[in-house]
Amino acid sequence: MSSLAYAAGLSAAMWRRSLNEVVRVRGALLPTTVAPIIFLLGTAGQFGRLSDLHGFPTTSYLAWILPLSCLQGAGFAGGAAGANLARDIEQGWFDRLLTSPAPRALLLAGPVLAAMTRALVPTTVILSVGLVMGAGLSGGLAGVIALYVAAVWFCMIAALWGSTLALRARTQQVGPLIQNGVFLAVFLSTAYTPLPLLQGWLATFAKYNPVTYVLEMARQATVAGIPPSWAHTWPGLVALSGMTVLFGALALRQLRRVNL
Amino acid sequence: MSAADDQRAILVEDLVRTYPGGLRAVDGVNLEVAPGEIYGFLGPNGAGKSTTVRILTTLLRPTSGRAWVAGHDVVAEAGAARRVIGVALQEAALDPLMTGRELLRLQGALHGLRRAQASERGDDLLERVELVDAADRRVGTYSGGMRRRLDLALALVQRPRVLFLDEPTTGLDPASRAALWREVRALNADGTTVFLTTQYLEEAEQLAERVGIIDRGRIVAEGTPDELKARVGEPALHVDLVDPAEAERARELLAAHGECSHRRGGGLIVRMSGARAIAPVVRTLDEAGIEVDTVEVETPTLDDVFLAVTGHAATDDPAPEPSLSA
C-alpha cells in the first residue's frame with residue numbers, strides 16, 4: 001500500500017470514527033448550534049438599531065451579526081474536537097492510536113476533518129434561521145461560498161487549538177478553556193461593530209486580531225456594504241492560513257511531546 | 001545493538017524513569033525476554049510495571065537507559081518497534097460508540113491493512129475470541145470479559161511478534177480469566193512472545209515461563225516459578241495426629257527427617273531437607289505406634305517468594321504509580 005493510500009485510508013477511518021460523535025449521540029450537535037442561535041436572536045433584538053450608526057456597511061444588524069454566529073457555531077464544533085481528544089487521552093483510547101505505526105499527524109487529521117464536516121451543520125442551520133428572520137444573501141453564491149470557507153476553515157483552526165490544549169493538559173477539564181479561547185477570539189474582533197466604530201484597546205486588539213479579517217470574508221454573504229471581491233477575501237485567507245500554520249505547528253509540537 | 005542482541009525479543013538495560021516531582025517509578029531495570037517466551041512481570045500497584053510497559057510500547061520515553069523490542073530501539077526506532085508489537089493496556093480503552101467489527105477495521109487501518117484485508121482479519125479474530133455474535137453491537141453494551149477479549153483481538157490485528165498484556169485479567173470473573181489464559185497460551189504456542197504484567201501471583205504461575213518481580217521500580221527476583229519458589233525453601237509436611245498428646249514424642253522422632261516444629265491444634269510441621277518423600281515420615285510414626293490423622297504437603301507459592309524478596313505481600317500498595325495521563 002502506498003503512503004498516500006495509507007494516509008487516505010487511515011484519515012477516512014478516523015474521520016468516520018469521529019463522526020460517530022454526531023451520528024450516534026443524540027443531540028450532540030445541539031450545544032454548538034443552539035447557543036449561537038440564541039446569541040443571534042438576542043443580539044439582533046437588543047442591538048438592532050446599531051446599524052443606524054454612521055459607518056455601518058449595512059442597514060440590517062441581523063445581516064451584520066449572522067456571519068458571526070455562523071463562525072461561532074463552527075468554532076465551537078472545532079473546539080468540541082479538542083475536548084473529545086482530551087476525553088480520548090484521559091480514557092486511554094489515544095494510547096491505542098499512539099502504539100500504532102501511524103504517522104502522528106494522521107492521528108489528528110481524521111478528527112479535525114470530522115470537525116470540519118460537523119461545522120457544516122451549525123453553519124447551515126444558523127444561516128437558515130437568519131434568512132428566515134429576514135437577513136438577505138446580498139453577496140449571492142460567491143458570498144455564501146466565502147462564508148462557508150471561512151466557517152469551515154475557522155473550525156479547523158479551533159480544532160487545532162483545542163487539540164493543542166488537549167494534548168498539553170491531557171484531561172477533559174480543559175474543555176471550557178478551549179471554548180473560552182474560541183469565544184474570546186471571536187468577540188475581541190469586529191463582532192458587534194465595524195472597526196472604525198471601535199475605540200480604545202478593543203479597536204487596537206480587533207485591528208490585529210486575525211478573526212476580524214475572517215469575519216470580513218464571511219460577511220460578504222449577507223452584508224450589502226461588503227460585496228464579494230478579492231479585496232474582502234484575501235485578508236481573510238491570509239489570516240486563516242497564518243492561524244493554520246501557527247496552531248498546526250503547536251498541535252504537532254505537542255503531539256511529538258506526548259510521550260515525554 | 002549487536003547481532004546477538006537481535007535474538008532477544010525484549011532487551012532492557014538500566015532503564016530509569018523519573019516523573020516530574022522526582023518519583024523514580026522505574027529505577028534501573030534490566031531484563032531479557034527470549035523469542036517465544038511468556039515473561040511474567042509481577043508486582044503490586046505502583047511497583048513500576050505499567051511504567052515499564054509504557055516505555056517498552058513507546059508511549060513513554062525513559063529518563064535514562066535503553067530498551068529494544070524485536071531488535072528495535074524503542075526511542076530511536078519507535079516507528080519500527082510499533083510495527084512489531086501488539087498492546088493491550090491495563091484499562092481496555094475501547095470506543096463505546098463503535099461496534100467490535102468497526103474497531104477491528106479501524107485497527108487494521110492504523111496498521112496499514114487494506115480495507116478488505118482488515119475486514120477479513122477482523123472476522124478471523126472475532127471468531128478466535130468468540131465475539132462473532134456480538135460483532136455488530138456497540139462496545140458500550142459489552143461485558144468486562146467481552147471487552148477484554150476484544151482488546152486482545154485488537155492487539156493481534158497486525159500479527160505482532162511481541163505482545164504486551166498489561167494486567168489483562170484485572171477485574172474479570174474466574175471464567176473470563178480462564179478463557180483469556182487459554183487464549184494467551186494458544187497465542188504463545190503460535191510463536192508470539194508475550195510480556196505479561198500482573199499483580200496476580202496465580203496468573204504468573206499459570207502462564208509465565210519466567211517471572212520477574214518488580215518492587216519500587218527495581219527487579220528484586222527473576223527466574224522460573226519453580227526456581228523462585230525453591231529460593232524460599234523446601235516443601236513442608238503438615239502432620240495431624242489422632243492424639244495431640246503424642247506431638248512432642250512425634251517431634252523428637254521426626255527430627256531426623258528435617259526441621260520439625262509444633263503447629264497450632266497439636267500437629268507438626270516438618271520442613272524436609274532434600275528428601276521429599278511422605279512415606280518415611282508416616283512409617284516412622286507408624287513404627288512408633290503414633291496414629292496419623294492427616295498429612296498434607298505444602299509447597300512454597302509465589303506469594304511466599306514475593307513476601308521473602310520484598311518484605312511485603314503482593315497486594316500491598318507501597319506507592320501509587322503516577323497517573324499515566326498526568
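Keep in mind that what you see is a predicted model, and the values were worked out from it rather than measured. Every chain is numbered from 1 and lettered A, B, ... according to where its sequence line falls, protein lines coming before strand lines.
- Nearest heavy-atom pair across A/P101 and B/G79 is CB-O, 4.1 Å.
- Contact annotation for B/L94: both backbone and side-chain heavy atoms come within less than 4.5 Å of a heavy atom of chain A.
- Atom CZ of A/R24 is surrounded by more than 12 heavy atoms from other residues, nucleotides or ligands within 6.0 Å.
- Chain A forms more heavy-atom pairs under 4.5 Å with one residue of B/D95, B/D151, B/T57, B/T58 than with any other, namely B/D95.
- Residue A/F183 places its CZ atom among 12 or fewer non-hydrogen atoms of other residues, nucleotides or ligands, all under 6.0 Å distant.
- Around CG of A/L4, the count of heavy atoms belonging to other residues, nucleotides or ligands within 6.0 Å does not exceed 12.
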| request: Please test A/L98 against B/R82 for side-chain contact (heavy atoms from CB on, under 4.5 Å), starting from the C-alpha separation and ending with a verdict. | output: CA-CA 9 Å; A/L98 290 173; B/R82 289 176 192 129; 5.9 Å; no
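- Across A/A13 and B/A109, no two heavy atoms sit closer than the pair CB-CB, 3.9 Å.
- Only the side chain of A/R104 comes within contact range of chain B, with at least one heavy atom under 4.5 Å from a heavy atom of that chain.
- Contacts of A/L107 with chain B are made by side-chain atoms alone, with heavy-atom separations under 4.5 Å and no backbone atom involved.
- If you measure heavy-atom distances from B/R17 to chain A, the contacts under 4.5 Å come from the side chain alone.
- If you take CG on B/L97 and CZ on A/R17, they are separated by 7.5 Å, rounding to the nearest 0.5 Å.
- Heavy atoms closer than 4.5 Å to chain A are found in the side chain of B/E102, but not in its backbone.
- The local environment of CZ in B/R137 is crowded, with over 12 non-hydrogen atoms from other residues, nucleotides or ligands closer than 6.0 Å.
- For A/V25, the part sitting under 4.5 Å from any heavy atom of chain B is the side chain, from C-beta outward, and nothing else.
- Atoms CG and CG, on A/D95 and B/L60 in that order, are 10.0 Å from each other to the nearest 0.5 Å.
- Under the 4.5 Å side-chain criterion, counting only non-hydrogen atoms from C-beta, A/R96 is not in contact with B/V87.
- Residue B/L89 touches chain A through its side chain alone, counting heavy-atom pairs closer than 4.5 Å.
- The line from CG of B/L106 to OG of A/S100 is 9.0 Å long, rounded to the nearest 0.5 Å.
- Between A/T99 atom OG1 and B/H111 atom NE2 the span is 6.0 Å, to the nearest 0.5 Å.
- In the displayed structure, B/D133 atom CG is contacted under 6.0 Å by at most 12 heavy atoms of other residues, nucleotides or ligands.
- Of the possible donor and acceptor atoms, one in the side chain of A/Y6 sits under 3.5 Å from a partner among the backbone N and O of B/L110.
- By the 6.0 Å contact criterion, CZ on A/R16 is enclosed, its count of non-hydrogen atoms from other residues, nucleotides or ligands being greater than 12.
- Of all the heavy atoms in A/W93 and B/M98, the pair that sits closest is CH2-SD, 4.4 Å.
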